[in-house]
Amino acid sequence: QVQLVESGGGLVQAGGSLRLSCAASGRTFSNYAMGWFRQAPGKEREFVATINWSRGNTYYADSVKGRFTISRDNAKNTVSLQMNSLKPEDTAVYYCAATYITTYSGRPYTLSYEYDYWGQGTQVTVSS
């Protein structure tokens, strides 16, 4: 059974940084794409970033491009999201997600329904 556990959320001032981690277990994730999504109160869950575990390809939402960096650590089986230059509009619950890739096509996985496994979420609050 795949388990994803997020950590690293908290309260930060605008312009500050946070690093989220997602501990993944229950599978060998070399054939998986990992993603970060977020959901603010009253809003739909939205895509933030994704990484192909084995190839390391990354893709970002326009709203976070240049500020956030997704990465994975094969030895620790973790996926991280480094968030810099945070803005109040980044305030949301952040979720880690995983999806099995049957055939590699190179396209990024940006839709929530494409992901099979989800963590419980971690709150990020950015004060102005």
Does the side chain of [Y] come within less than 4.5 Å of [X]'s, by heavy atoms?
X: Arg67; Y: Asp90; result: yes
X: Val79; Y: Ile70; result: yes
X: Arg38; Y: Thr122; result: no
X: Tyr32; Y: Ser54; result: no
X: Thr58; Y: Thr50; result: no

Show the nearest heavy-atom pair for residues [X] and [Y], with the distance to one decimal.
X: Ala92; Y: Ala40; value: CB-N, 3.8 Å
X: Ala49; Y: Leu81; value: CB-CD1, 4.2 Å
X: Gln1; Y: Arg27; value: N-NH1, 3.5 Å
X: Gln82; Y: Arg19; value: OE1-NH1, 3.1 Å
X: Met34; Y: Cys96; value: CE-SG, 4.1 Å
X: Phe68; Y: Val48; value: CD2-CG1, 3.7 Å

| field | Test log, rule ring-ring contact (aromatic ring centres under 6.0 Å, His included), inputs Trp36 and Phe47 | value | CA-CA 7 Å; Trp36 285 97; Phe47 167 77; over 10 Å; no
| said: Tell me whether the NZ or CZ atom of Arg55 lies within the 45° cone about the ring axis of Tyr104 and under 6.0 Å from its centre. | reply: yes
| Is the Trp53-Phe29 ring centre distance short of 6.0 angstrom? | yes
| message | For the OH atom on Tyr59, are there more than 12 heavy atoms of other groups (residues, nucleotides or ligands in this structure) within a distance under 6.0 Å? | response | no
| said: Would you say CD of Gln120 has more than 12 non-hydrogen atoms from neighbouring residues, nucleotides or ligands within 6.0 angstrom? | reply: yes
Co-membership, hydrophobic cluster, residues [X] and [Y], 4.5 Å side-chain:
X: Tyr115; Y: Tyr94; result: no
X: Phe37; Y: Tyr109; result: yes
X: Leu20; Y: Val93; result: no
X: Leu18; Y: Ile51; result: yes
X: Tyr100; Y: Leu4; result: yes

| field | Salt bridge present between Arg107 and Glu114 (N-O < 4.0 angstrom) | value | yes
| Taking 4.0 angstrom as the limit, do Asp62 and Lys65 come out as a salt bridge? | yes
| Does the side chain of Thr78 pick up a donor-acceptor pair with the side chain of Asp73 at under 3.5 Å? | no
Separation of [Y] [atom2] from [X] [atom1] (nearest 0.5 Å):
X: Thr99; Y: Asp116; atom1: OG1; atom2: CG; answer: 4.0 Å
X: Ser127; Y: Gln13; atom1: OG; atom2: CD; answer: 5.0 Å
X: Asn77; Y: Thr28; atom1: CG; atom2: OG1; answer: 7.5 Å
X: Cys22; Y: Arg72; atom1: SG; atom2: CZ; answer: 14.0 Å

| task | Examine distances only and state if a side-chain atom of Glu6 and a backbone atom of Gly121 form a donor-acceptor pair shorter than 3.5 Å. | result | yes
| query | Would Thr125 and Gln123 satisfy side-chain hydrogen bond (donor to acceptor under 3.5 Å, both in side chains), going step by step from the backbone distance to the final call? | reply | CA-CA 6 Å; Thr125 303; Gln123 177 71 46; 3.3 Å; yes
| said: Determine whether Ser112 and Tyr95 satisfy the following criterion, side chain to side chain contact (heavy atoms under 4.5 Å, CB included), listing intermediate values before the conclusion. | reply: CA-CA 10 Å; Ser112 58; Tyr95 297 91; over 6 Å; no
